Amino acid sequence: MSRFCGCPAEGAERPERAGWHAALFLTQFTGPSETPEHFGLRSRAELDVFADTLVAIAVAHPESRTTLAIGNAFLDSAIEGQPDRTAYAGACDALERLVRAGAERTHHLIGVDPRRGVAVAMDMLEAGNLTYPCAFLYEAASYGEVTVSDGGLAFEFNGNADLFVGSFDRSRRPVLPPDNAWRVEAKGRQLHEAGYLEAPDPCRIWEGRIELAPGQTPAATETEAMAALRGEDPDEPLGALAFINGIGWRASDELKAVFLDAAWRHMRQLDVEPSHYGGETWSYITVTIRTHDPAGIPLLVEHALGVTGEVVTNALADFGVAALPTLLDYVRPTGPPGDARVLRVGSGLRTLALIAEDGPIPPDMRPCAIEAARNRLTAAPQERYVVARAMELAVALGDPGLRALVEDLTDFRSVGDLTGGFADHEYLHTLARDLLAGIVPQGKFRKRCPLGDCPAGW
């Protein structure tokens with residue numbers, strides 16, 4: 001057994017591979033004997049000793065990739081019904097020990113046994129020693145909600161929660177509401193006020209955070225922040241970004257201008273698609289949103305739209321009319337947007353719909369908005385996501401001609417003509433009917449000031 005768990009140093013070299021082999025061992029894998037993945041049958045006692053060794057390694061190195069691989073191994077070994085494998089009966093016990101030792105989040109334990117995972121997390125949350133409380137709140141949202149009362153904490157399970165055991169089939173879970181991240185943020189503040197969590201804003205959504213390296217501190221003054229952003233300070237600019245993120249819209253006009261200049265320089269040197277942005281790039285996007293400066297609209301449209309869920313669409317919608325010229329220019333081309341821009345063009349159309357729902361589009365810009373929706377609903381072929389968002393905009397604008405185009409898409413043949421026959425006809429057909437009936441599409445959510453702390457009257 002030593003070749004699978006070995007010493008921590010050996011496990012750290014190839015943790016994913018070691019974790020994969022560990023799962024095969026724990027599940028008594030009975031594949032072809034000529035392959036190295038076949039280990040033969042072992043007694044439950046031998047498997048328990050092996051599991052104890054894995055737990056000890058994980059507890060000794062809680063932040064390592066090896067520990068992540070070990071958690072995944074116990075998850076895989078708990079899943080029932082896999083070919084050539086038998087679920088390891090001690091998997092949940094091992095996962096609980098990892099959670100209670102602070103070496104594992106609750107998601108694996110909840111995934112294979114929701115009631116047990118929630119019970120363990122609630123016990124630790126009430127005792128004040130749950131290592132990742134905000135992650136638990138988010139993970140448990142598929143099953144219910146933590147409630148706070150004078151008598152303590154409780155967990156209210158949803159009536160439709162599928163409390164199956166021995167599976168990790170996420171498709172069986174209820175779909176999380178699009179505002180779940182903000183619900184978790186509010187719940188974190190409530191738990192802080194009740195004395196269960198130390199930080200005053202512990203569950204702030206990740207787009208609103210800027211994580212500094214250990215020992216690194218934010219810039220102390222605007223002067224320091226501007227020096228770092230201009231490249232006059234040898235330190236990384238992350239401390240400057242953390243400083244601006246803290247003061248947000250209160251930053252001076254000069255600091256905002258220096259920041260945006262640095263943000264554009266950073267973005268232009270990138271050679272990756274937005275979906276592959278790293279941590280520092282997201283920090284620039286976060287600060288752009290938090291400053292609430294209309295000068296940042298082009299940067300958000302060009303570099304962040306469509307890759308951050310509903311955060312950027314809501315932030316851009318907050319600018320209202322000021323964001324219209326850039327958005328309309330971005331979605332104007334009538335042909336297929338191409339794979340790399342499908343989500344971004346669709347998100348641009350949804351942002352236009354949010355702005356139209358907030359208030360009337362000015363008369364001088366309304367024809368362009370109508371044309372943007374009409375182009376995507378008539379110039380075949382169009383990708384499904386773009387068609388869906390164009391229908392949202394069409395209904396939001398309230399134009400009779402656009403509404404007629406959406407009505408046409410309640411017909412399967414019209415959907416096929418527009419999409420070239422490659423899209424999910426049932427989805428678009430149903431969406432068209434729902435939009436015409438006033439039903440809000442799944443995933444669409446209007447959250448004003450999505451990262452919080454906005455100017456009065458924003």
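The figures that follow rest on heavy atoms only: side chains count, while hydrogens, waters and symmetry mates do not. Only a predicted model underlies this, so the values are computations on that prediction, with no experimental measurement involved.
- Looking only at atom types and distance, the side chain of Glu139 has a donor-acceptor partner in the side chain of Thr106 under 3.5 Å away.
- With rounding to the nearest 0.5 Å, the separation of CZ in Arg105 from OH in Tyr132 is 8.5 Å.
- Shown here for Leu260 and Ala295, the closest heavy-atom pair between the two residues is CD1-CB, 3.6 Å.
- Between the CG atom of Leu397 and the CG atom of Leu352 there is a distance of 8.0 Å, given to the nearest 0.5 Å.
- Taking a 6.0 Å sphere around CZ of Arg433, one finds it holds 12 or fewer heavy atoms contributed by other residues, nucleotides or ligands.
- Taking the six-membered ring for Trp and the full ring otherwise, the centers of Trp458 and Phe319 sit less than 6.0 Å from each other.
- Taking the side chain as every heavy atom from C-beta outward, Arg350 and Lys444 approach each other to under 4.5 Å.
- In this pair, His303 and Trp264 present their aromatic rings perpendicular. The plane angle is above 60°, beyond the 30 to 60° band.
- Rounding to the nearest 0.5 Å places CG of Leu418 at 8.0 Å from CG of Leu428.
- Rounded to the nearest 0.5 angstrom, Arg204 CZ and Leu451 CG are separated by 7.0 Å.
- For Arg341 and Tyr330, the positive end sits near the middle of the six-membered ring, less than 6.0 Å away and at most 45° from its axis.
- Taking each heavy atom of Leu377 and Val387 in turn, the nearest pair found is CD2-O, 3.9 Å.
- In the displayed structure, Glu156 atom CD is contacted under 6.0 Å by at most 12 heavy atoms of other residues, nucleotides or ligands.
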Salt bridge (Lys or Arg N to Asp or Glu O under 4.0 Å) between Arg446 and Asp318, intermediate numbers included: CA-CA 10 Å; Arg446 182 69 174 106; Asp318 283 345; 2.9 Å; yes
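- Residues Leu349 and Val386 come closest through the heavy atom pair CD1-O, 3.7 Å.
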Residues Leu125, Leu191; criterion side chain to side chain contact (heavy atoms under 4.5 Å, CB included); working and verdict: CA-CA 10 Å; Leu125 181 62; Leu191 288 169; 4.3 Å; yes
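- With a 4.5 Å cut-off on side-chain heavy atoms, Phe412 and Glu426 count as touching.
- Between the side chains of His192 and Asp201, no donor-acceptor pair is found at a separation under 3.5 Å.
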